[in-house]
Novice: 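Please see the structure below; I have some questions.
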Amino acid sequence: MSNTKSLLTIQDLHASVEEKKIIKGLNLDVKAGEVHAIMGPNGAGKSTLGYVLSGRDGYSVESGSATLDGKDLLEMETEERARAGLFLAFQYPVEIPGVSNLEFLKASVDAQREARGEDAITSAEFLKEAKAACKQVNLPVSFLKRGVNEGFSGGEKKRNELMQMLLLKPKLCILDETDSGLDIDALQVVAEGVNSQRSADRSFIVVTHYQRLLDYIKPDFVHVLSDGKIVKSGDASLALELEAQGYAWLQKEPAEDELEG
Amino acid sequence: MTEQIDKALAREYEAGFVSDVESETFAPGLDEDVIRRISAMKGEPEWMLEWRLSAFREWLEMEEPDWALVDYPKVDFQAISYYSAPKSMKDKPKSLDEVDPELLRTYEKLGIPLIEQQMLAGIAVDAVFDSVSVVTTFREKLEEAGVIFCPISEAIHKHPDLVKKYIGSVVPKKDNYYAALNCAVFTDGSFVYIPKGTRCPMELSTYFRINEQNTGQFERTLIIADEGSHVSYLEGCTAPQRDENQLHAAVVELVAMDNAEIKYSTVQNWYPGDENGKGGIYNFVTKRGICHTSAKISWTQVETGSSVTWKYPSCILKGDNSVGEFYSVALTRGRQQADTGTKMIHLGKNTKSTIITKGISAGRSNNSYRGLVRMNPGAHGARNFTQCDSLLIGDQCGAHTFPYVESRNPSAIIEHEATTSKVSDEQMFLCRQRGLDPEKAVSMIVNGFCKEVFKELPMEFAVEAGKLLEISLEGSVG
């Protein structure tokens, strides 16, 4: 895969939340079609990385660079990054009462199409796609009419995230601890959904705490994030090693003020 | 995020233009002579003049109410003109062809074409411009069904018995300060009568437009639905953008006879004043309906305009098994203040009422729900359900809920639910992460919040209301 071009390139990235440094000199290169797993202990900065890349308010970049498809990600507004093909699957998807899933998804798809200079998708065509996506993630079609995540169980919310990914067809998907709170059946559904979307021009960053998910989504690379930096990288076997030995052997002693975050 | 929302809320008021129409306007000031002149302009019968004068004498003895949670410089009633009419209306036009084209253009600009061929099929419109009704469409078609839909000034001449019997029967002359003032000086408004057992063949609607400067608008609407009849009515209102505050003090009375049903919807978009609270309409309105046996009155309102709103569309559930409903969306931004809600007065047995309100506050505005549910001793088995939801956008606005509950019958059941929520950072982030710009995100979240009320509006107007909210929220995020 070394001949394919880089999709995401992060160089010496430093970022903070509320003036607290979380990311401290992170480098990562993700080529088109690759799946990278990012593992690490609590507070290492795993979720922060996803938020920084997607441009969440309150997460500020101090130095370094990040490009998606050669374009400077950090210069773009949150919604522009999304339209450029970046998708974040949330660890705790939020509810939007009264806004139907279908309405929300069509508006999102149309916003992205508009940014590409395409016409809005017809309602009939979109409904067909949305129904197919429902089926693929094992959600009843009735969920399209329900409010976004409104009253969904934890597993249903995660599958709903996956459905959004199927419809938006992003270039880079960041899955933020998508496995948390899922039972084994739900985990398999999510993993199958992700695997079905793997292709030569779509990349994934799978952020997870446990090796378990990686039994189902085979990563090309595994990175260990600790104290805001990647401290070790390897292939899928590194995940197994971590499962057996924990993270302690990779971590330097954290300073007092770095224990949270 | 707050900053984005503030920007998104700094929108233009699209209806803020002034029409160049030559008008005949009274000099500002109010005394018995002015009332005699208004009555004379309308060629009213003696009984109407007497009714006005007695209301005026009552009004002089009354005090302006100050219990609402609104703060504004008191109105100088002597600085207002109480009558203004386009000159072209002097010899009343007999058909649309004779109406001043500038007036037609004004309504067209507001999205209300009065040429019948261009109108939405199935909606009849009465257009009230300052103090007079300029056009009422589809009258012949309605007359075939026996429905009377005309300016109230005309009804006073043509249907004096009906007017005499019902005017002031639901909102008495001395009901409150602004209602008494309206009785004394009202100029025009709509009159509707639906005969027994008739389902009105189309939606009826009235569009009110204030154009002249320093002029108050005092319209009066009276709707009578005879036994077993059914009508759906909508009112809309706009005004030019002006630096001075203007007063709008309307009275609406609804009478639903046995088994009749009235659905009354309002999309209120009076000029709200600028970002700093300069200008805008004072909207001090009394709306009330009476339900006889097994009748139903449903009020739906979408309030986005006015600098100060004081309005409580209410139902007197007099007949057994009668039903009252109130669905409301009130959006305030900038320095707008709204104190609005309803009164459900249960007198009859097994009467039912439902109140669903959605208050949205943004900018530095204040938005209050004030509602009374009263179960009288005779209201055996009566029920009320109230749900008041408030949504805050940003951190400089206020939302308040003042529920008043009086139960004098132990078999009555009253339920009240209230929630307050914010457009959260997480919701905004989710929407933007999926590619929506912040304005679209806010309007989508707000529309979702209002869904329960919008579904009560007639379809064409639900779309209009959604768009209006979208315009109102434009620039509230950036």
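Order of the sequence lines sets the chain letters (A, B, ...), proteins ahead of strands, with each chain counted from 1.
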Novice: Of all the heavy-atom pairs spanning B/Ser424 and A/Val94, show the shortest one and how long it is.
Specialist: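 Here B/Ser424 and A/Val94 meet closest at OG-CG2, 4.4 Å.
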Novice: Give a yes or no on this: more than 12 heavy atoms of other residues, nucleotides or ligands lie within 6.0 Å of atom CZ of B/Arg383.
Specialist: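 Count not over threshold, so no.
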Novice: Can you tell me how far CZ of A/Arg81 sits from CZ of B/Arg432, rounded to the nearest 0.5 angstrom?
Specialist: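 Output value for this atom pair is 9.5 Å.
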Novice: Would you indicate whether A/Glu62, at its atom CD, is surrounded by more than 12 heavy atoms from other residues, nucleotides or ligands within a distance under 6.0 Å?
Specialist: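 Yes - once you tally the heavy atoms of other residues, nucleotides and ligands closer than 6.0 Å, there are more than 12.
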Novice: Roughly how far, to the nearest 0.5 Å, is CG of B/Leu430 from CG of A/Leu88?
Specialist: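 If we round to the nearest 0.5 Å, A/Leu88:CG and B/Leu430:CG are 9.5 Å apart.
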Novice: Calculate, to the nearest 0.5 Å, the distance between atoms CZ and CG belonging to A/Arg83 and B/Leu436 respectively.
Specialist: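 Separation between the atoms: 7.5 Å.
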Novice: With a cut-off of 6.0 Å (strictly less than), are more than 12 heavy atoms of other residues, nucleotides or ligands near CG of A/Asp72?
Specialist: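 Yes - once you tally the heavy atoms of other residues, nucleotides and ligands closer than 6.0 Å, there are more than 12.
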Novice: Is any side-chain heavy atom of B/Phe429 less than 4.5 Å from a side-chain heavy atom of A/Asp57?
Specialist: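 No, too far: nothing below the 4.5 Å cut-off.
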Novice: What part of B/Cys450 is in contact with chain A, defined as an atom under 4.5 angstrom from a non-hydrogen atom: side chain, backbone, both or neither?
Specialist: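 When you check distances to chain A, no heavy atom of B/Cys450 falls under 4.5 Å.
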Novice: Is the backbone of B/Arg434 close enough, under 3.5 Å, to the side chain of A/Gln112 for a donor and an acceptor to pair up by distance?
Specialist: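 Confirmed, A/Gln112 side chain pairs with B/Arg434 backbone.
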Novice: Return yes when atom NZ of A/Lys169 has more than 12 non-hydrogen atoms of other residues, nucleotides or ligands closer than 6.0 Å, and no otherwise.
Specialist: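 For A/Lys169, atom NZ is crowded (more than 12 foreign heavy atoms under 6.0 Å).
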Novice: Flag yes if more than 12 heavy atoms outside A/Glu18 fall under 6.0 Å of its CD atom; otherwise flag no.
Specialist: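 No - once you tally the heavy atoms of other residues, nucleotides and ligands closer than 6.0 Å, there are 12 at most.
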Novice: Is the number of heavy atoms from other residues, nucleotides or ligands within 6.0 Å of NZ (B/Lys352) greater than 12?
Specialist: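 Check fails, neighbour count at 12 or below.
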Novice: Measure distances from A/Leu105 to the heavy atoms of chain B and classify the residue's part below 4.5 Å as side chain, backbone, both or neither.
Specialist: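 Contact with chain B: none, neither part.
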Novice: Between B/Glu426 and A/Arg56, is the side chain to side chain contact (heavy atoms under 4.5 Å, CB included) condition met? List the steps.
Specialist: CA-CA 9 Å; B/Glu426 285 83 4; A/Arg56 182 165 188 169; 3.6 Å; yes
Novice: Picking from A/Glu114, A/Glu103, A/Gln164, A/Glu80, which has the most non-hydrogen pairs under 4.5 angstrom with chain B?
Specialist: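 Among the listed options, the one with the most contacts to chain B is A/Gln164.
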Novice: Drop me the distance from A/Glu95's CD to B/Ser421's OG, to the nearest 0.5 angstrom.
Specialist: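 Separation between the atoms: 11.5 Å.
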Novice: With a 4.5 angstrom heavy-atom cut-off, is it the side chain or the backbone of A/Tyr92 that approaches chain B, or both, or neither?
Specialist: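 Contact with chain B involves no heavy atom of A/Tyr92 at all.
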Novice: Can you name the closest pair of heavy atoms from B/Gly435 and A/Ala82 and give their distance?
Specialist: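 That would be N-CB, 3.5 Å.
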Novice: Does any non-hydrogen side-chain atom of B/Cys431 lie less than 4.5 Å from one of A/Ile96?
Specialist: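 Sidechains of B/Cys431 and A/Ile96: in contact.
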Novice: Go through the atoms of A/Val109 and report whether side chain, backbone, both or neither lie under 4.5 Å from a heavy atom of chain B.
Specialist: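 For A/Val109, no heavy atom lies under 4.5 Å from chain B.
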Novice: What distance separates A/Glu77 CD from B/Asp437 CG, expressed to the nearest 0.5 Å?
Specialist: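 Going from CD on A/Glu77 over to CG on B/Asp437, the span is 10.5 Å.
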Novice: Starting at CD of A/Glu79, measure out to CD of B/Gln433 and round the result to the nearest 0.5 Å.
Specialist: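 Interatomic distance, A/Glu79 CD to B/Gln433 CD, rounded to 0.5 Å: 10.5 Å.
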